[in-house]
Each structure stands twice: as structure tokens, then as C-alpha cells.
Amino acid sequence: MVVLSQAVLDHFTPIKTYKSATTTVFTGIPTINLSHPDAGTLLVRACEEFGFFKVVSHGVPLELVNRLEAESMRFFDQPQAEKDRIGPPSPFGYGSKRIGFNGDVGWIEYLLLSTNSDTTVPPRLLSFFQEQPSLRASVDNYVTEVRKLAIEVLKLIEQGLGLTAAAEEGPDVDGPMSGLLRDVKSDSCFRVNHYPPCPDHWEMAVSGRNLVGFGEHTDPQIISVLRSNNTSGLEICLRDGSWVMVPPDHSSFFINVGDTLQVLTNGRFTSVKHRVLPDHSKSRVSMIFFGGPPLDEKIAPVPSLMEEGEESLYNEFTWSQYKKSAYKSRLADYRLGPFEKAPGQ
């Protein structure tokens, strides 16, 4: 159980709190069967209208999903001192309450891991996985499958956008988006979040409002592939600014458009703002693969997606530059702002 004392709450810059009772359960989330012949077109439409969608017929074996969830809960159920052996995250490892380095806090504990074999792993994390071989194997097997899913989704999006050359040449030839994830230097990461039940009395600690599990934000990467158990809590912000609750579905995957994909499409797709509220009676477990480009990759709109005379909305930057900038920001900050071109530039 994650426990936030009043001292902890006072120490950090307060994050927003919300009344979940006022949030509408949204039944209009696009659900896309990846085996459908028009899947690419449907994915593009979902990216344009919501920046968020659910995929079925995804090909990820549910036994891998269930095994990782069970192994993750075995980890989170350990005594706090055991979990703290691999924390705080720097940036990888175990975290509790603190989200990032700039004062954000939530009703959450998590395990954040790199999926890049070239990443230097802290010795404490290496020794931990040597002691937890079943968890390590479950993570590796799950990430392998979900990474394939992320690449498949991007390839279908490329087809829907008319970037068909790669598809015509064969399944092993990637386009300008999917190739960034298949690259051996892809700077992707994986996160398991655990939101313990939030007791009613903690609402009183924040003036009768619900304490947020994970504050509103967009994901900086290309796309994020999310799976959670059947506990609700995920909310997304629609284009009109209203917040809606996403009905949970433990057998499907939800996909977020990230900031980098917004830039690659020159704003045609918009990264989706989302947040999580904890449940009062049930734990929520979510597993997210964040698909990112190589660190030295220059991020700019795909030229073949630009209309004649269309100008880029963004100054060119590398993923490394954007990642460093994001680490310095608060969750709710508009992180693309410093990279947007000024009017007339």
C-alpha cells in the first residue's frame, strides 16, 4: 500500500485534484480490428479525431499479459523496504509517490525499465532481476510482443496516410515512423503502474477532493501501448476540452498518440492528454510500452505528408533534446511549446 502522509503532500508542489463523479464514462472510443482490410484508414481517423483508440485482434497472447500482471503484483506486494532497494528511479527503477523530478506526486507506485539493450542498467537493478528471474522473463517476453504490436500499428497508420512504398516492398521494410521503433537504437521504455485503493479519508486531506493517481499529461514518445486490468480510472481529454472516463478492457490494448507523432505529422495528429484517478476499493495495474525514436534522430514532419507550400509548425530537434527538455518540465506543461515556430518564422 502506498501511503501519502500529510507531510509528504505539504512537501511537494500540489497537483490538481478532481471529482471523479463528474466524469462521464465515454463509450465512443474507436475500436479497431487490426485484421480489418481498412484498418489503416480507421487508425488515421482515430488519430485525427481522438489521438487515442483501442485495438483488438492484436495477436499478443493473453497468457503473457496475465503472467506479467501476476508477477508485477507479486513485486508490488513485497514489503516496502524490499521495493525501495531498487529506488528511487534514476530514471529507471522503482518509484513511489513522486512522478519525475519536478514536484509532481500521485497515488501510485511503479517500475520503470529501459527496453534498449545499450542502456546502462544500474547495478542495483541488475542484481534485483538476477533475484527475480521469472519477473525478468515475463517483462522481456511481454515487451517483445508489444513492441511488435506498436510497429504493426505504425505500419498500418503509414498505409492509411498513403506512405505505401514500404508496405508494397514487403512486411520487413519499414516506413518513416515504424522504422524508428524497429531501429536497434530505439529509445523506448516500459512501465508498470500500480494504483492501490485510495481510502476515503485521503479525500479529506485534500479538501474533500479526489487525489489524482497520475496527473494530466501527454506522452513525449511516438506512440504508447497501454494495457490495464479491469479497474477503471483512465481518463482522456477530448478535443472540446472535456474529460471522459475510458471503460477498462483487460483483453485489449489502448494506443496513445505521443508528442513525437504529432510533430511527424505536422500537427495532423495531436497527442492526447490523459490522467488516472485511483479507485477507492480496487487496485489498478497498467502496463505501458512507450515507443521512442533513437536519441540522435532528428524529429521533423515527414516530407511526403506535407502539402505543397506547407511549412513545418516546429523547429527541428533531436529526440535527445526533446527528452531532456521534457525531464525539466511538470506533467501538465505543454512540452512542445518551446519547439514550435513563432508566427511568421
Side-chain angles (χ1 to χ4, degrees), residues 23-40 42-43 45-47 49-77 108 110-111 113 115 134-135 137-157 181 188 190-197 213-214 219 223-236 244-258 272 274-279 281-291:
T23 305
T24 303
V25 176
F26 187 61
T27 58
I29 301 295
T31 300
I32 298 166
N33 186 327
L34 295 183
S35 65
H36 193 283
D38 294 327
L42 296 172
L43 288 169
R45 185 183 304 161
C47 289
E49 296 179 359
F50 295 95
F52 182 85
F53 51 90
K54 180 168 73 173
V55 296
V56 297
S57 296
H58 47 70
V60 179
L62 288 181
E63 57 266 29
L64 288 183
V65 177
N66 295 334
R67 188 178 306 130
L68 177 56
E69 182 179 326
E71 291 288 347
S72 299
M73 284 310 301
R74 271 193 280 273
F75 167 75
F76 290 123
D77 285 341
I108 185 176
Y110 60 90
L111 192 59
L113 306 169
T115 65
S134 57
L135 176 57
S138 295
V139 169
D140 287 346
N141 292 335
Y142 179 87
V143 168
T144 296
E145 292 301 318
V146 176
R147 179 173 171 271
K148 290 178 185 176
L149 172 60
I151 292 172
E152 179 186 2
V153 168
L154 284 175
K155 288 179 74 68
L156 287 169
I157 288 174
L181 288 198
S188 300
F190 177 67
R191 181 179 183 124
V192 184
N193 292 329
H194 176 224
Y195 303 91
F214 207 114
D219 294 336
I223 61 171
S224 308
V225 182
L226 163 72
R227 183 268 174 189
S228 71
N229 63 359
N230 268 337
T231 301
S232 61
L234 175 64
E235 298 183 354
I236 63 169
V244 294
M245 180 79 72
V246 177
D249 183 350
H250 74 285
S251 63
S252 303
F253 288 87
F254 294 92
I255 311 292
N256 295 351
V257 168
V272 61
H274 53 288
R275 67 191 186 200
V276 176
L277 299 183
D279 191 273
S281 60
K282 297 182 292 184
S283 291
R284 184 175 192 273
V285 179
S286 61
M287 305 178 289
I288 313 102
F289 172 80
F290 299 94

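When reading the values below, keep in mind they use all heavy atoms of this one structure, side chains included, and skip hydrogens, waters and symmetry mates.
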- Query: For Glu152 and Lys155, what are the C-alpha separation, side-chain angles and deciding distance, and is it a salt bridge (charged side-chain N to carboxylate O under 4.0 Å, His left out)?
  - Reply: CA-CA 5 Å; Glu152 179 186 2; Lys155 288 179 74 68; over 6 Å; no
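- With contacts defined as side-chain heavy-atom distances shorter than 4.5 Å, the pair Asn193/Val285 does not qualify.
- Under the side chain to side chain donor-acceptor pair (under 3.5 Å) criterion, Asn66 pairs with no residue at all, not counting sequence neighbours.
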- Query: Do Met287 and Val65 pass the side chain to side chain contact (heavy atoms under 4.5 Å, CB included) test, and can you show the C-alpha distance, the side-chain angles, and the key distance before you say yes or no?
  - Reply: CA-CA 9 Å; Met287 305 178 289; Val65 177; 3.8 Å; yes
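- In this structure, Thr24 and Phe26 have side chains that are not in contact, with every pair of non-hydrogen atoms separated by 4.5 Å or more.
- Side-chain contact between Phe289 and Val143 is present, with at least one heavy-atom pair separated by less than 4.5 Å.
- Aromatic pair Phe52/Phe254: ring centres closer than 6.0 Å.
- Judged purely by distance below 3.5 Å, without hydrogens or angles, the side chains of Asn230 and His250 pair a donor atom with an acceptor atom.
- For Ser134 and Glu71, the side-chain atoms include at least one donor-acceptor pair closer than 3.5 Å.
- Using a 4.5 Å heavy-atom cutoff, the side chains of Ser286 and Leu226 are in contact.
- Considering only residues two or more places apart in sequence or on other chains, Tyr195 meets the ring-ring contact (aromatic ring centres under 6.0 Å, His included) condition with none of them.
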- Message: Let's go through Glu145 and His58 carefully: what are the C-alpha distance in whole Å and the side-chain angles of both, what is the deciding distance for side chain to side chain contact (heavy atoms under 4.5 Å, CB included) to 0.1 Å, and is it a yes or a no?
- Response: CA-CA 10 Å; Glu145 292 301 318; His58 47 70; over 6 Å; no
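- Side-chain atoms of Asp249 and Ser251 form a donor-acceptor pair, as typed in the model, at a separation below 3.5 Å.
- Pairing each heavy atom of Phe75 with each of Leu135, the nearest pair is CB-CD2, 4.3 Å.
- Across all non-hydrogen atoms, the minimal contact from Asp219 to Ser224 is OD2-OG, 2.7 Å.
- When all heavy atoms of Asp279 and Ser232 are compared, the pair lying nearest together is OD2-OG, 4.5 Å.
- In plain terms, the two heavy atoms of Ala46 and Ile32 that are nearest each other are CB-CD1, 4.0 Å.
- Scanning all heavy atoms of the two residues, the minimum distance from Arg227 to Ser252 falls at CG-O, 3.8 Å.
- When all heavy atoms are compared, the tightest approach of Ser57 to Leu34 is O-CB, 3.8 Å.
- Ring pair Tyr142/Phe190: centre-to-centre distance below 6.0 Å.
- Proximity of Thr115 to Phe290: side-chain heavy atoms (C-beta onward) are nowhere separated by under 4.5 Å.
- Two residues are said to be in side-chain contact when any heavy atoms from C-beta on lie closer than 4.5 Å; Ile29 and Phe50 fail this criterion.
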